[in-house]
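Note: hydrogens, waters and symmetry copies are ignored here, and every other heavy atom, side chains too, is used.
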Amino acid sequence: QVQLVESGGGLVQAGDSLRLSCAASRSIFRIYSMGWYRQAPGKQRELVARTFNGGSTNYADSVKGRFTISRDNAKNTVYLQMNSLKPEDTAVYYCNSKLGDSSPDYWGQGTQVTVSS
C-alpha cells in the first residue's frame with residue numbers, strides 16, 4: 001500500500017505555470033508507474049501523464065509539449081510541471097500509482113487547478 005498526497009494547485013491566469021507535487025508514504029524506487037490524472041466538472045477522469053521505472057513517459061495529446069512529469073526517488077515525490085496553462089486545463093488533478101504492471105491503482109485526494117481566461 002502507498003498513500004499519496006498532492007499539493008501545488010491554485011488559481012492562475014492563462015499562460016502561467018504551476019508545479020504539482022505528489023508525496024508518497026513509501027519509497028517509489030520500485031513502483032512500476034506513477035502518474036497524474038485530472039477530472040473537470042461533468043467530465044470523466046483522464047490520463048494526463050505517466051512515468052515508468054525505466055524512465056519512459058506517456059502524455060495526453062492535449063498536454064504534450066506543455067506538461068512534464070518527473071520523479072525524485074530520493075524524496076519519494078513525483079512532480080507535474082505545467083506550462084502555458086489554458087482554461088481547459090482547469091480540473092482536479094490526482095496522483096496515481098501502480099505497484100506493478102498488473103496491480104490495482106492507488107490515488108491521492110486531488111488538488112484543484114483553476115486557469116482563468
Going by the salt bridge (Lys or Arg N to Asp or Glu O under 4.0 Å) test, which pairs reach into residues 69-93, not counting sequence neighbours?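 Only R38-D89, R66-D89 qualify under salt bridge (Lys or Arg N to Asp or Glu O under 4.0 Å).
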Under 3.5 Å, side chain of [X] to main-chain N/O of [Y], donor-acceptor pair present?
{"X": "Q39", "Y": "A91", "result": "no"}
{"X": "E6", "Y": "G110", "result": "yes"}
{"X": "K98", "Y": "S103", "result": "yes"}

Under a single-linkage rule joining Ile, Leu, Val, Met, Phe, Trp and Tyr whose side-chain heavy atoms are separated by less than 4.5 Å, which residues share a cluster with V12?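 Noted: V12 shares its cluster with V2, L4, L18, L20, I28, I31, M34, W36, V48, Y59, V63, F67, I69, V78, L80, M82, L85, Y93, L99, Y106, V113, V115.
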Separation of D105 CG from Y37 OH (nearest 0.5 Å):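 With rounding to 0.5 Å, OH (Y37) is 6.0 Å from CG (D105).
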Distance from D101 atom CG to Y32 atom OH, nearest 0.5 Å?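 These two atoms lie 5.0 Å from each other.
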Quiz question: by atom type and distance under 3.5 Å, do the side chains of S25 and Q3 form a donor-acceptor pair?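 Yes, because at least one side-chain N or O of S25 sits under 3.5 Å from a partner of the opposite role on Q3.
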Could you go through V5 and Q109, starting from their C-alpha distance and side-chain angles, then the distance that decides it, and tell me whether this counts as side chain to side chain contact (heavy atoms under 4.5 Å, CB included)? CA-CA 7 Å; V5 179; Q109 82 290 342; 4.1 Å; yes
So which heavy atom on S17 is nearest to which on S84, and how close?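 In terms of heavy atoms, the two residues are closest at OG-N, 4.2 Å.
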Does the structure place the NZ or CZ of R19 under 6.0 Å from the centre of the six-membered ring of Y79, at an angle of no more than 45° from the ring's axis?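 Verdict for Y79: a cation-pi partner in R19.
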